[in-house]
Amino acid sequence: MPMDPSYFADMEAKIPRGKVRTRFAPSPTGYMHVGNLRTALYTWLIARNQGGTFILRIEDTDQGRLVEGATDVIYRTMAECGLTHDEGPDVGGPVAPYIQSQRRDTYGKYAQALVEKGCAYYCFCEKAESQEEDFQRREDPCRSLSAEEVQARLDAGTPYVIRQKIPLEGSTTFHDAIFGDITVENSTLDDQILLKSDGLPTYNFANVIDDHLMGITHVVRGSEYLSSAPKYDLLYQSFGWDVPTYVHCSPVMRDQHNKMSKRRGDPSYEDLKAQGYLTEAILNYVALLGWSPRGERAEQEVFSLQELAEVFDTGGISKSPAIFDIEKLTHFNALYLRAMTPEAFHAAAEPYIRKTATNPDLDTRAIAGLLQARCEKLTEIPEKVDFFDALPEYGLELFTNKKSKTNSEVSRAMLEAAIPALEALPAWDQDSIHDCLIALAEQLAVKNATLMWPVRIAAAGRTVTPGGAVEICRILGREETLRRLRLGLEKLTV
């Protein structure tokens with residue numbers, strides 16, 4: 001029975017028009033990998049740069065690959081990154097629903113309409129999914145079945161799929177914002193499945209239907225979809241629809257030869273967060289994976305999300321693959337950590353400080369102040385500050401430092417002088433401790449470092465610490481500092 005044309009007219013009437021509309025359409029199949037995050041970011045930036053609308057659509061038609069909780073990961077990641085959507089499953093919009101499995105009936109109607117136009121056909125061949133890559137349309141007898149034969153099989157309840165009917169001759173040319181015009185011979189294209197035997201659409205069909213019905217003007221996706229683009233174009237042509245602007249981005253690589261892959265241990269967004277990287281630094285770095293600013297900001301590297309929205313344009317996207325460099329991300333992260341206000345850094349750092357510096361009397365704000373200029377990742381913090389909670393075991397060799405001109409004998413003399421001087425301090429604050437030790441060094445006729453080195457070793461049990469002897473003693477407090485200095489002196493006296 002022919003489709004009712006009024007249905008399609010009503011669907012056309014709902015389509016928002018007149019401004020840029022982009023969409024991020026992830027499948028809820030697990031984590032948000034770096035390539036996905038970059039696609040979401042670029043899609044969001046195009047919409048925000050053009051004063052357009054950004055849509056979140058959940059593409060869950062591949063039911064066998066769905067992972068429980070993955071949709072929550074998508075929402076959480078988007079929210080943390082500030083990639084707010086104007087329309088989507090949770091906020092609604094004029095072209096709802098925004099979850100593909102809830103649009104099932106729509107795809108069936110459009111697939112049937114393509115059959116009526118002669119641009120698709122019912123295929124009753126029994127093929128396993130693994131055999132689909134070897135499908136040869138020229139050998140498919142279903143392409144040439146008469147309408148009567150098709151109806152007889154449908155009436156008999158024979159399982160079927162609906163395939164796109166690619167022209168046997170000629171070529172298809174499509175345009176991409178990054179790669180320009182690309183022409184493909186139709187003979188190289190397969191009659192892809194549009195509607196599966198379970199009535200659900202394939203990704204390749206559903207995204208074309210949804211992109212049109214949602215008024216999408218720009219489609220951002222990975223360059224691995226370039227090979228499918230001519231088939232998408234043929235679908236648009238079959239319906240007489242305008243083709244959106246394609247923006248195919250080259251892959252993010254782990255090295256010169258391999259794409260990033262979770263199976264190879266490459267990090268997802270959540271992994272990077274867990275490794276101590278700030279969301280803002282991750283976004284900034286991901287934006288530059290295959291894109292660079294032009295014009296007066298061509299040399300700029302550090303961008304806020306708002307600044308990215310102001311300067312982003314697809315002309316800055318490179319055709320070349322981008323290599324993910326964790327050291328470069330670490331560099332960005334350090335810049336962001338140091339640019340934070342002391343209050344914001346403390347808020348971010350405190351949970352990590354408290355993993356090892358558990359004593360409630362310790363001043364986490366003072367510890368954070370020592371860390372901010374000396375920290376590249378938040379996850380470095382616990383190891384850097386664990387000595388505040390408990391003095392680690394250390395050997396006498398730490399007291400020997402050529403630059404500070406100390407050895408065990410010199411260090412013993414320095415501690416013998418420092419302990420009573422610090423004991424006598426009327427107030428235990430930074431200035432008092434500093435002035436006391438500086439004056440003592442002058443009195444002993446030694447360089448400041450000659451006194452400070454053994455005090456720091458005795459107080460921290462380490463040669464490398466965030467902050468020097470004065471700051472460490474202030475944070476430890478008078479009683480704990482003197483206890484540790486006496487233990488150091490005992491080690492040197494034995």
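Computed from a predicted structure; not experimentally measured.
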Between [Y] and [X], is there a side-chain heavy-atom distance shorter than 4.5 Å?
X	Y	value
His248	Ile178	no
Pro28	Tyr75	no
Tyr336	Met340	no
Leu422	Arg478	no
Cys81	Leu41	no
Lys273	Thr279	yes
Met414	Leu440	no
Leu56	Ile74	yes

May I have the step-by-step check of side chain to side chain contact (heavy atoms under 4.5 Å, CB included) for Phe399 and Val410, ending in yes or no? CA-CA 9 Å; Phe399 284 106; Val410 171; over 6 Å; no

Check [X] against [Y] and note the closest heavy-atom contact, atom names and distance.
X	Y	value
Asn49	Ala309	ND2-O, 2.9 Å
Ile58	Pro89	CG1-CG, 3.9 Å
Leu485	Val455	CD1-O, 4.0 Å
Ala274	Thr379	O-CG2, 3.3 Å
Thr22	Thr43	OG1-O, 2.9 Å
Leu425	Ser432	CD2-O, 3.8 Å

Can you tell me which residue among Leu378, Asp271, Ile282 is in a side-chain contact (heavy atoms from CB on, under 4.5 Å) with Tyr277? Ile282

Could you tell me how the ring of Tyr42 sits relative to the ring of Phe312: parallel (under 30°), tilted (30 to 60°) or perpendicular (over 60°)? tilted

For the residue pair Tyr225 and Tyr203, does the interplanar ring angle fall in the parallel (under 30°), tilted (30 to 60°) or perpendicular (over 60°) class? tilted

Lys491 to Tyr394, cation-pi by 6.0 Å centre distance and 45° axis angle: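 Judged by the rule (NZ or CZ under 6.0 Å from the ring centre, within 45° of its axis), Lys491 counts as positioned above Tyr394.
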
Output the distance between atom [atom1] ([X]) and atom [atom2] ([Y]), rounded to the nearest 0.5 Å.
X	Y	atom1	atom2	result
Ile438	His434	CD1	NE2	4.0 Å
Ile433	Ile472	CD1	CD1	11.0 Å
Glu480	Leu391	CD	CG	7.5 Å
Leu329	Leu288	CG	CG	11.0 Å
Ile353	Leu362	CD1	CG	10.0 Å
Arg474	Asp429	CZ	CG	8.5 Å

Give the C-alpha distance, both sets of side-chain angles, the deciding distance and a yes or no for side chain to side chain contact (heavy atoms under 4.5 Å, CB included) between Met452 and Val470. CA-CA 8 Å; Met452 297 294 188; Val470 173; 3.9 Å; yes

Indicate yes or no for a side-chain donor-acceptor contact from [X] to the backbone of [Y] under 3.5 Å, with no hydrogens or angles considered.
X	Y	answer
Arg21	Met214	yes
Thr217	Val20	no
Thr358	Arg354	no
Asn359	Asp389	no
Thr330	Ile326	yes
Asn333	Ala281	no
Thr481	Leu476	no
Trp291	Thr314	no
Asp86	Phe54	yes
Glu87	Tyr98	no

Neighbour count >12 (heavy atoms, 6.0 Å) for atom CZ, Arg374: yes

Verify the neighbour count for atom CD of Glu310: are there more than 12 heavy atoms of other residues, nucleotides or ligands below 6.0 Å? yes

Looking at Arg483 and Glu479, is any side-chain nitrogen of the basic one under 4.0 Å from a carboxylate oxygen of the acidic one?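 Looking at Arg483 together with Glu479, the answer is no, because their closest N to O distance does not fall below 4.0 Å.
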
Short N-O contact, Arg462 and Asp386, less than 4.0 angstrom: yes

Within residues 200-226 or reaching into it, pairs that qualify as salt bridge (charged side-chain N to carboxylate O under 4.0 Å, His left out) - sequence neighbours excluded: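 Only Arg23-Asp211, Arg57-Asp210, Arg57-Asp211, Arg103-Asp210 qualify under salt bridge (charged side-chain N to carboxylate O under 4.0 Å, His left out).
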
Stepwise, does the side chain to side chain contact (heavy atoms under 4.5 Å, CB included) test hold for Ile193 with Asn204? CA-CA 8 Å; Ile193 294 176; Asn204 287 327; over 6 Å; no

Apply side-chain hydrogen bond (donor to acceptor under 3.5 Å, both in side chains) to the pair His85 and Asp90, showing each step before the final yes or no. CA-CA 10 Å; His85 49 279; Asp90 54 337; 2.8 Å; yes

Please, which pairs that meet side-chain hydrogen bond (donor to acceptor under 3.5 Å, both in side chains) have at least one residue in residues 437-460, sequence neighbours excluded?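 Listed once each, the pairs are Arg456-Thr465.
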
When the aromatic ring centroids of Tyr285 and Phe324 are compared, is their separation below 6.0 Å? yes

Go through the steps for Phe24 and Leu83 under the test side chain to side chain contact (heavy atoms under 4.5 Å, CB included), then give the verdict. CA-CA 10 Å; Phe24 176 53; Leu83 304 181; over 6 Å; no

Asn36-Tyr269 side chain donor-acceptor pair, cut-off 3.5 Å: no

